[in-house]
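In what follows, every chain begins at residue 1, and chains take the letters A, B, ... in the order their sequences are listed.
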Protein chains: 2
Amino acid sequence: MTAKRILIVEDEKAIRDMVAFGLRRAGYEVREAEDCRQARARIVDVRPDLMLVDWMLPDMSGLELTRSLKRAKDTEEIPVIMLTARAEEQDKVGGLEGGADDYITKPFSPRELLARIQAVLRRAAPAGAADVVEADGLKLDDSSHRVSAGEREIPLGPTEYRLLHFFMTHPERVFSRGQLLDRVWGGNTYVEERTVDVHIRRLRKALEPYQLERLVQTVRGAGYRFSTRDA
Amino acid sequence: MTAKRILIVEDEKAIRDMVAFGLRRAGYEVREAEDCRQARARIVDVRPDLMLVDWMLPDMSGLELTRSLKRAKDTEEIPVIMLTARAEEQDKVGGLEGGADDYITKPFSPRELLARIQAVLRRAAPAGAADVVEADGLKLDDSSHRVSAGEREIPLGPTEYRLLHFFMTHPERVFSRGQLLDRVWGGNTYVEERTVDVHIRRLRKALEPYQLERLVQTVRGAGYRFSTRDA
DNA sequence: TAGCGGTGTCATGGAACTGTCACAGACGAA
DNA sequence: TTCGTCTGTGACAGTTCCATGACACCGCTA
């Protein structure tokens, strides 16, 4: 449920910047690469959720890159959208045959790009992954976006919801404020660490009516932990 | 049952758009594919009730696609209507031999297409599977395309109808505006996400006289949900 | 050609949410 | 106990998000 990471592989800085700008605005985490060599290096540590690959690259065609990615076991799952200046039908086919999940022809509107990205990500999403997490009578159903204690629904703000969801899917583990900011807020947001405290407080407050606030525990000097065992 | 899903496999955007438009208007849920490769990918997650397949496709003839579908156990039940530009009798025969359930020659009128679709679906349907969804006194009969609360019929515009239908067949689940655009408007339309708000509003307004607008719920920061349980 | 239903976009206002701060309280080390 | 550090808590101002009404546009038809 964190922000999706997108890796752009495009040699023209102007286009890269424009696309990156639009995507960041839309809430994605964006990384950039100028050529296939850089792209390969980034893939390893960035682990993008989706890649935008230009057709024409200085060192190797984007098509080849895509093909090789789809061939490797650990990268075949990454959806790829090809960017191409050529409008010819055969190229489109080529892009898809190479394993790209979609293609888009320059010039394209930001809106169209976003729509395609959403479509591809949605398609790639593992449908029906365990959507319900439960702990000690507290139930979180991600598909309906509901949190409940027994029959009673617990209203939560967006951030508190994400926070609780993260905690419940990573129980019994301490996370520092920095880690929580990274994983719940998203990697490139700049927020005071103390802000986490406040949201923890708000989450606890929402859980109080059901005596469930004990599940959110403070580990002094280290951070916070979600645990059904008492502290 | 739910609204019938139709997958169009056609490389010419103009024709695809036209057909899709007509079908959506008629209340079908439409998905599109430009070639056989895409089509195969979509079949898996879309599970169409019927497919319209163009004769000529960039990567593989529609005939071959049809034949291979009919050969596979899990897709053989899907009825296929071939679209062909060639009027020759032999092609028609070829289409049917390949396993297509019907064929239609371009240019065709939307009405003719609809008639054939209905005919094929009727033939395929194990007669009597009532197309009715109901929730909390709100009834949607897809075969007659009517929505009612008790005895009173509720008038809805086409988009509101599709939206409600989608919601009622996917209750208790939150959909983002993007998802709704994708699944109710169709994957290839580019519309502002805020437009969804407006149609939600129109739908709610139509349901208001029956105090049913509470079924359409806002999940702040996430999207909308149809649910009989209160928010 | 004017009227009409249906659609998509925009501007606006208000409600909900967010991040920050200041201060109080709790805790641990000497 | 005492002090310094860390955490809990209430308040608040800025921002974001959503509901809503208005409006322009389109295709259709009388």
Whole angstrom is fine here: how far is it from CG in B:Leu203 over to C1' in C:dT7? 15 Å
Once you round it to whole Å, what is the distance between C1' of C:dT7 and CD1 of B:Ile200? 15 Å
Given 3.5 Å as the limit, does a donor-acceptor pair link the side chain of A:Asp141 with the main chain of A:Val132, or not? no
Residue whose nearest DNA chain D nucleotide is more 5′ - B:Val219 or B:Lys205: B:Val219
How close or far is atom P of C:dG8 from atom CG of B:Leu180, stated in whole angstroms? 13 Å
Separation of atom CD in A:Glu213 from atom P in D:dG8, rounded to whole Å: 12 Å
For DNA chain C, whose closest nucleotide is more 5', that of A:Glu160 or that of B:Gly157? B:Gly157
Could you state the atom-to-atom distance from CG of A:Leu156 to P of C:dA16 in whole Å? 15 Å
Could you check whether the rings of A:His199 and A:Trp185 sit parallel, tilted or perpendicular, using 30° and 60° as the cut-offs? perpendicular
Rounded distance (Å) that lies between atom C1' of C:dT18 and atom CG of A:Leu181: 13 Å
Output the rounded distance in Å from CD (B:Gln217) to P (D:dC17). 21 Å
Check: A:Arg5 main-chain N/O paired with A:Asp49 side-chain donor or acceptor under 3.5 Å: yes
Please name all residues satisfying side-chain contact (heavy atoms from CB on, under 4.5 Å) with B:Arg173, sequence neighbours left out, ordered by chain then number. A:Ser143, B:Phe175
When you compare the side chains of B:Ser227 and A:Arg146, does any donor N or O come within less than 3.5 Å of an acceptor on the partner? yes
Hits for side-chain contact (heavy atoms from CB on, under 4.5 Å) against A:Ser148, two or more places apart or cross-chain, chain-then-number order -> A:Lys139
Ignoring hydrogens and angles, tell me if any N or O in the side chain of A:Arg225 forms a donor-acceptor pair with the backbone of A:Val219 under 3.5 Å. no
Along nucleotides 19-26 of chain C, 5' to 3', which nucleotides get a B, which get an S, and which get a -, given that the test is a protein heavy-atom distance under 4.0 Å? BBB----B
OP1 or OP2 of D:dC17 sitting under 4.0 Å from any side-chain N/O of B:Tyr224? no
Measure CG/B:Asp197 against P/D:dC17 and give the value in whole Å, please. 12 Å
